[in-house]
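These notes are about the structure you will find just below.
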Amino acid sequence: MVAGQVLLTILMGLLLVAVAAWIDQLGGWRTTAPSGGTVEQEREETVEKPGGILRWLTTVDHKDIGILYGLFAVTAFSVGGLMVVTMRLELLQPGQTLIPTNVYNALLTNHGITMLFLFGTPFIAAFANYFVPLLIGADDMAFPRINAIAFWLLPPAALLIWGGFFLWPIFDGVAGAQTSWTMYPPLSTSSTAQGTPAASAGMINPGADLMMLGLHLSGVSATMGAINFIATIFTERGEDVGWHNLDIFSWTILTQSGIILFAFPLLGSALLMLLADRNFGTLFFAPEGGSPILWQHLFWFFGHPEVYILVLPPMGVISYVLPRFAGRKLFGFKFVVYSTLAIGVLSFGVWAHHMFASGLNPRLEGAFMAVSLAIAVPSAVKVFNWITTLWNGSIRLTTPMLFCLGFISNFIIGGVTGVFLAAVPVNLLIHETHYVVGHFHYVVMGAIGFAFFAGTYYWFPVVTGRMYQPRLGKWHFWLTMVGTNIVFFALILLGYLGMPRKYANYNVTVGPQELFTTLNQIATLGAVILLAGQLIWAYNFFTSAFEGPLIEDDDPWNLDDRGLKTREWDWFREHRMPGSGGGAIAYDGGEQQDADAQPAEATNTEVATSDDASASDGGTTAPPDADAEMPPDAGSGTASDDSDPEEQPDDADSRG
């Protein structure tokens, strides 16, 4: 048995080496970035890409890899969403109604892992890969091949994470992992395909091993990407991009990458120890050896920074997009940057508030409570700056702006409910109830998901060269906003009533069951509304990407009139507009968006004083008195819909 496993491991290693050698021999597997960035002949040799599927399999262009990350994230979002809709349908009534308990537990586990590690992190990588090099004036990522490898680790990671589901109908004793996404021992070290602790002769579920290996592989991918982003932002910035005018989105990516470097390797180490306990009889997390509490410390030292790994770049997206439709620069740019860095540091000092019910020393609990309350301050600073940016602005209620506003309102609810969880006495009352689920999902779906949609709609013209259907975009927003608040506010109320989370069956004697049933039915209704909104988004996104009206202007959002046009639109003018060569140009490197050739009012950062530049939102060059430069319809209050390129009646009608 052991010899066979060793032989299989050797064969798999040889297969990986052979695949790597084959890819290396492909003509398209080479960096498209010139070594020096100045030799025109070298650039001409590297602009061409192979065609068809070979292009996507071998590309190292940061824009192509960003698109691959985005498509992967959308796929994972769809899978995770269908999982949770199935769970909510099961919870319509108490008792087993639709799926057995072990299937519910497997869906619960894989929904959490999928949304956090296969949707959240990759969608951030999609925006960062595509836009960070464009925003900082870089040719490409610092390590293009490593960038490609980091992405191609994700599909096998997903197959491993979902592997238990694929093997479930084929092999007895194999099922989807049923450990919950937190993987607490002793359940995670001894669970069977039925989800119950294994007896002395019981067979431990291999589906959980596959899930842990896939999770480890996704962590390796995220760490490689983080190293690449740090190197790119530090070393590949254009000559006119300094720390004082680095855009806010790149600041959040830099901070997130720093957190990843410290957090993900720890998760990988803890997973290897957990796998050793499961398969080799070690006692790292066994009561008779180490301690199950040790896993909680290791996991949450990663797990709570992971929340900020996921939320900081979406905050950067909101801080970047919101000022474009508020008609003014981001208020207090420096303080938004400082609050981002403060969150990055404080995030490693709050993990034990997940463990207040585990019997910690009360003095330690007091210390962690203080830090957990303190980390709310830099988040509140960001909310204050967003609201102040809106104050007296010329607000245009485009679809991206609606999702920005939805982000702020949902994030306030998620943040305030989190403050209660940071207080030890309150935490002990609502620990492991649906209150925690509602709080967390207000942040994950209500904030992070909304930022994903805001960025997708705002940058849709840059990536596709087309415009989406604005009416469908509005429908998507309102269905998503209403559905989100119905679902997760109902869960918060269920938590206050004492309903425990992670239960497939709430036919229990704890709490008022009739009210439990009513609130679960309301939450399921909200989930169905939420699903309808995402179906509209998927239809709008994919049909518009291929059939939407072509963008013939490098300023589709009318940003130049307000001095808020940024670098990616200059790149769009040079490479994606009709007549520019469009998709035939595979590489935009070395030109740094022709910064020297642009008019002073568009790119010259020396127009403003150093104070004005540092207070901008990263390279935008609005005049010192932005309001004085506004067009007549850009005064206080909300601009009319007719002035909004997304809302022009003729265009809207032509797009359905």
Side-chain angles (χ1 to χ4, degrees), residues 62-63 65-66 69-70 121-144 147 150 222 225-261 308-324 329-330 332-344 378 382 385-386 451-452 454-455 458-459 462-463 559 564-572 588-589 592-593 595 603 605 613-621:
H62 69 96
K63 299 180 294 297
I65 293 172
Y69 268 112
T121 308
F123 109 71
I124 293 168
F127 286 146
N129 267 281
Y130 203 105
F131 292 106
V132 166
L134 299 182
L135 295 174
I136 67 174
D139 295 345
D140 204 311
M141 297 291 287
F143 306 111
N147 198 29
I227 294 171
N228 212 350
F229 286 122
I230 292 172
T232 300
I233 294 173
F234 267 88
T235 65
E236 300 295 319
R237 299 194 313 274
E239 294 181 359
D240 59 335
V241 180
W243 295 114
H244 68 288
N245 64 346
L246 181 68
D247 65 278
I248 189 60
F249 179 62
S250 297
W251 270 113
T252 57
I253 291 296
L254 181 63
T255 307
Q256 180 224 33
S257 299
I259 300 174
I260 287 175
L261 282 187
Y308 298 105
I309 287 170
L310 293 174
V311 80
L312 279 176
M315 287 176 169
V317 171
I318 298 303
S319 299
Y320 192 89
V321 174
L322 182 140
R324 310 289 171 248
K329 297 182 294 183
L330 178 65
F333 172 78
K334 283 195 244 183
F335 291 98
V336 178
V337 172
Y338 295 154
S339 65
T340 299
L341 298 174
I343 289 174
K382 291 179 180 295
N385 282 274
W386 295 327
F452 167 74
Y458 176 69
W459 281 311
V462 176
V463 177
L559 303 177
L564 296 170
K565 188 179 172 189
T566 43
R567 287 174 175 266
E568 70 270 30
W569 300 106
D570 296 332
W571 172 85
F572 175 77
D588 61 290
Q592 297 176 359
Q593 287 74 53
T603 60
T605 58
S614 64
S616 72
D617 54 3
T620 60
T621 53

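- Counting heavy atoms from C-beta on, the side chains of Q256 and T340 never come closer than 4.5 Å.
- Under the 4.5 Å side-chain criterion, counting only non-hydrogen atoms from C-beta, I65 is not in contact with Y130.
- The distance from atom CZ of F249 to atom CD1 of I124, rounded to the nearest 0.5 Å, is 8.0 Å.
- Scanning for ring pair (Phe, Tyr, Trp, His ring centres under 6.0 Å) contacts around F123 gives F119, F127, F452, with sequence neighbours left out.
- For I230, the side-chain contact (heavy atoms from CB on, under 4.5 Å) partners are F234, L254, S257, L261, not counting sequence neighbours.
- Interatomic distance, OG1 of T566 versus CH2 of W571, reported as 13.0 Å (0.5 Å rounding).
- Atoms CZ and CG, from R237 and N245 in turn, are 9.0 Å apart once rounded to the nearest 0.5 Å.
- Put simply, the side chain of D247 does not reach to within 4.5 Å of the side chain of E568, judged on heavy atoms.
- In this structure the side chain of W243 reaches within 4.5 angstrom of the side chain of I233, judged on heavy atoms.
- Contact of the K382 side chain with the I343 side chain is registered, since non-hydrogen atoms from C-beta on lie closer than 4.5 Å.
- Closest approach of A222 and T121 over heavy atoms only: CB-CG2, 4.2 Å.
- Considering CG of L246 and CD1 of I136, their distance stands at 7.0 Å, rounded to 0.5 Å.
- Of the inter-residue distances, the one linking L134 atom CG with D140 atom CG reads 9.5 Å to the nearest 0.5 angstrom.
- Looking at heavy atoms from C-beta onward, L322 lies out of side-chain contact with Y458 at the 4.5 angstrom threshold.
- When all heavy atoms of S339 and V336 are compared, the closest pair comes out as OG-O, 2.8 Å.
- Here H62 contributes atom NE2 and T232 contributes atom OG1; the two are 10.0 Å apart, rounded to the nearest 0.5 Å.
- In this structure, V317 and A451 approach most closely via the heavy-atom pair CG1-O, 3.7 Å.
- A ring pair (Phe, Tyr, Trp, His ring centres under 6.0 Å) with W459 holds for exactly one of W569, F572, Y320; it is Y320.
- N129 places no side-chain N or O within 3.5 Å of a backbone atom of G70 that could act as its donor or acceptor partner.
- The two residues A231 and F143 make their nearest non-hydrogen contact at CB-CE1, 3.6 Å.
- The shortest heavy-atom contact between R324 and L564 is CD-O, 3.5 Å.
- Across all their heavy atoms, I318 and A454 have their closest contact at CD1-CB, 4.3 Å.
- F131 places a side-chain heavy atom less than 4.5 Å from the side chain of V462.
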